[in-house]
Amino acid sequence: MYKFKGFKKEMYSQNDLSSVAMLYNGKLIEDEIDGYQTLTVKGREYIAFETEDAGNIAGKDGVIPITKSLPSRDIEVRYLLKENDNHKFQLKYRKLMALLDTDVDVPIQFRDEMDVTYYGQMIELGEVTEASNVSVASFIIRCYDPFKYNDEFTATGNPVSVFVGTPYKTHPKEIKIQLKSDATKITVDNNATGRHIILNGDYKIDDNIVIDIDNKKITQNNRNIMNNLDYVTSDFHEFWLHDGDTIQVTPINSDLTISFQGRWK
């Protein structure tokens, strides 16, 4: 992990660097572009829920709620960019565009909040001062997943006790199972919530099963077996982890490994 020290450029010291300096896809922009400095960051605070309701009902106070969900998160980064002449300034601006332009979400961290990671991509790069080699401008990063995440943690055993480290539920990133006996059914149970994932099929000793809920993938020795999921009785998309949950897999002699990230609003 980047520790904000040992910079490639001696011109930056720990004291010179902004408290909100940003790691974007693993790169510190101040290290990548001379004359760039992060000034302010807006949008990391609590974001309001979006709600849908059934409207007013005669004789009843308030409204009947239907849904409540978090919208995407927009983070606005305001920065300073300077150079000795206009042409070199434009070259640096192009380099900034290339560094920020991605087709997928990338990990994002800030110097004053290194214990969590956001995932997003730049959607808007504001205009800079025209015909100038010094400009204060901004860009916007959209986090389609509005949560910020702790470092990934892995727990092993069967059963496994889960300590998410936050008050919010989270999906497992991966559930890995190594079978120690043949089986025609595999069951993963959350003993605290009663939720479970059931796989039917033909399984042999030493088979490796990997369940990836967010990406809707289940593999057996790297072969796709998503069709083995018992859609009727499984809680595949609702298989959440909470602090203190206990996860167990059957056959009971199987090895179980779960990786997950606690998340914050």
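The CG atom of Asp112 sits 5.5 Å away from the OG atom of Ser19 when rounded to the nearest 0.5 Å. The distance from the CG atom of Asn86 to the NZ atom of Lys88 is 12.0 Å, given to the nearest 0.5 Å. The distance from the CD1 atom of Ile141 to the OH atom of Tyr118 is 10.5 Å, given to the nearest 0.5 Å. One distance of note links OG of Ser259 with NZ of Lys176; it measures 6.5 Å at 0.5 Å rounding. Between atom CG of residue Asn84 and atom CG of residue Asp34 there is a gap of 10.5 Å, rounded to the nearest 0.5 Å. In this structure, the separation between CD on Gln121 and CG on Asn25 is 11.0 Å, given to the nearest 0.5 Å.
A distance-only check finds no donor-acceptor pair linking the side chain of Ser254 to the backbone of Ile177 [under 3.5 Å]. A donor-acceptor pair is defined here as one N or O able to donate and one able to accept, closer than 3.5 Å; no such pair exists between the side chain of Asp189 and the backbone of Val249. A donor-acceptor distance shorter than 3.5 angstrom exists from the side chain of Asp243 to the backbone of Val164, with no hydrogens or angles considered. Side chain of Glu52 to main chain of Ile66: no donor-acceptor pair is present (N/O by atom type, distance under 3.5 Å, no hydrogens or angles). Although no hydrogens or angles enter the test, the distance criterion places a donor-acceptor pair under 3.5 Å between the side chain of Tyr24 and the main chain of Met122. A donor-acceptor contact shorter than 3.5 Å is absent between the side chain of Arg73 and the backbone of Gly120. In this structure, Asn190 contributes its side chain and Arg195 its backbone to no donor-acceptor pair below 3.5 Å. Checking side-chain atoms of Thr219 against main-chain N and O of Asn221 turns up no donor-acceptor pair under 3.5 Å. At distances below 3.5 Å, not a single donor-acceptor pair connects side-chain atoms of Thr250 with backbone N or O atoms of Ile252. Judged by distance alone, the side chain of Arg263 and the main-chain N or O of Lys169 form a donor-acceptor pair under 3.5 Å.
The shortest side-chain heavy-atom distance between Leu241 and His171 does not fall under the 4.5 Å cut-off. Counting heavy atoms from C-beta outward, Phe236 and Glu238 have side chains that stay 4.5 Å or more apart. For the pair Asp105 and Asp145, the minimum side-chain heavy-atom distance is 4.5 Å or more. Residues Ile209 and Ile186 meet the side-chain proximity criterion, which asks for heavy atoms closer than 4.5 Å. Between Thr51 and Thr67 the shortest side-chain heavy-atom distance does not fall below 4.5 Å. Between Lys82 and Phe89, every side-chain heavy-atom pair lies at or beyond the 4.5 Å cut-off. Taking 4.5 Å as the limit, every side-chain heavy atom of Phe110 sits out of range of all side-chain heavy atoms of Val116. Looking at Lys42 and Ile75, their side chains never come closer than 4.5 Å, going by heavy atoms from C-beta outward.
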Derivation of the side-chain contact (heavy atoms from CB on, under 4.5 Å) call for Phe239 and Ile211: CA-CA 11 Å; Phe239 197 86; Ile211 300 172; over 6 Å; no

Audit row: Phe147, Trp264, side-chain contact (heavy atoms from CB on, under 4.5 Å) steps and yes/no: CA-CA 6 Å; Phe147 287 89; Trp264 300 90; 5.9 Å; no

Criterion salt bridge (charged side-chain N to carboxylate O under 4.0 Å, His left out) on Arg44 and Glu113, from CA distance to verdict: CA-CA 10 Å; Arg44 293 184 291 165; Glu113 200 180 19; 3.2 Å; yes

Worked check of side-chain contact (heavy atoms from CB on, under 4.5 Å) between Ile140 and Ile123: CA-CA 6 Å; Ile140 294 176; Ile123 61 163; 4.0 Å; yes

Trace of the ring-ring contact (aromatic ring centres under 6.0 Å, His included) decision for Tyr79 with Phe139: CA-CA 8 Å; Tyr79 67 93; Phe139 54 86; 5.7 Å; yes

side-chain contact (heavy atoms from CB on, under 4.5 Å) assessment of Ile33 paired with Leu81: CA-CA 9 Å; Ile33 304 174; Leu81 186 63; 4.0 Å; yes

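Ion pairing of Arg142 with Glu124 is absent here, as no side-chain N (NZ or NE/NH1/NH2) approaches a carboxylate O to less than 4.0 Å. Using a 4.0 Å cut-off between charged side-chain N and carboxylate O, Lys204 and Asp202 make a salt bridge. A salt bridge links Lys180 with Asp255: the closest approach of a Lys/Arg side-chain nitrogen to an acidic carboxylate oxygen falls below 4.0 angstrom. A salt bridge between Asp207 and Arg223 is absent, with no side-chain N of the basic residue lying under 4.0 Å from a carboxylate O of the acidic one. The pair Asp212-Lys217 does not count as a salt bridge, with every side-chain nitrogen at least 4.0 angstrom from each carboxylate oxygen.
Put simply, Val188 and Ile198 are part of two different groups of oily side chains (I, L, V, M, F, W, Y) that touch within less than 4.5 Å, one to the next. Residues Val136 and Leu96 fall into different hydrophobic clusters, defined by Ile, Leu, Val, Met, Phe, Trp and Tyr side chains chained together at heavy-atom separations under 4.5 Å. The cluster map of Ile, Leu, Val, Met, Phe, Trp and Tyr, joined by side-chain heavy atoms under 4.5 Å apart, puts Met22 and Met97 in the same cluster. The hydrophobic cluster containing Val160 also contains Ile175, counting ILVMFWY residues as joined when their side-chain heavy atoms lie under 4.5 angstrom apart, directly or transitively. In the hydrophobic cluster analysis, where Ile, Leu, Val, Met, Phe, Trp and Tyr join through side-chain heavy atoms closer than 4.5 angstrom, Val77 is grouped together with Leu100.
The closest side-chain donor-acceptor pair between Thr233 and Asp230 falls under 3.5 angstrom. Residues Glu30 and Thr38 have side chains that bring a donor and an acceptor to within less than 3.5 angstrom of each other. Under the 3.5 Å distance criterion, with hydrogens and angles disregarded, no donor-acceptor pair is assigned to the side chains of Asp235 and Trp240.
Here the shortest heavy-atom pairing between Ala155 and Phe260 reads CB-CE2, 4.4 Å. Closest of all the heavy-atom pairs between Gly165 and Asn150 is O-ND2, 4.4 Å. Across all non-hydrogen atoms, the minimal contact from Leu199 to Tyr203 is CB-OH, 3.4 Å. The shortest non-hydrogen separation linking Ile47 to Pro146 is CD1-CB, 3.5 Å. In terms of heavy-atom proximity, Pro172 sits nearest to Ile213 at CD-CD1, 3.8 Å. Leu229 and Ser234 make their closest contact through CD1-OG, 3.5 Å (heavy atoms, listed as atom of the first residue, atom of the second, distance).
Ring geometry for Phe49 against Tyr46 counts as perpendicular: the plane angle is over 60°, on a 0 to 90° scale with 30° as the lower cut.
Crowding of Asp85 atom CG: a count of heavy atoms from other residues, nucleotides or ligands under 6.0 Å exceeding 12. Applying the 6.0 Å contact sphere to OH of Tyr119 captures more than 12 heavy atoms from other residues, nucleotides or ligands. When the shell of 6.0 Å around NZ of Lys92 is examined, it contains more than 12 heavy atoms from other residues, nucleotides or ligands. The environment of Lys265 atom NZ is dense: over 12 non-hydrogen atoms of other residues, nucleotides or ligands sit within 6.0 angstrom.
Among the candidates Asn158, Val162, Asn191, the single residue satisfying the side chain to side chain contact (heavy atoms under 4.5 Å, CB included) test with Ile247 is Val162.
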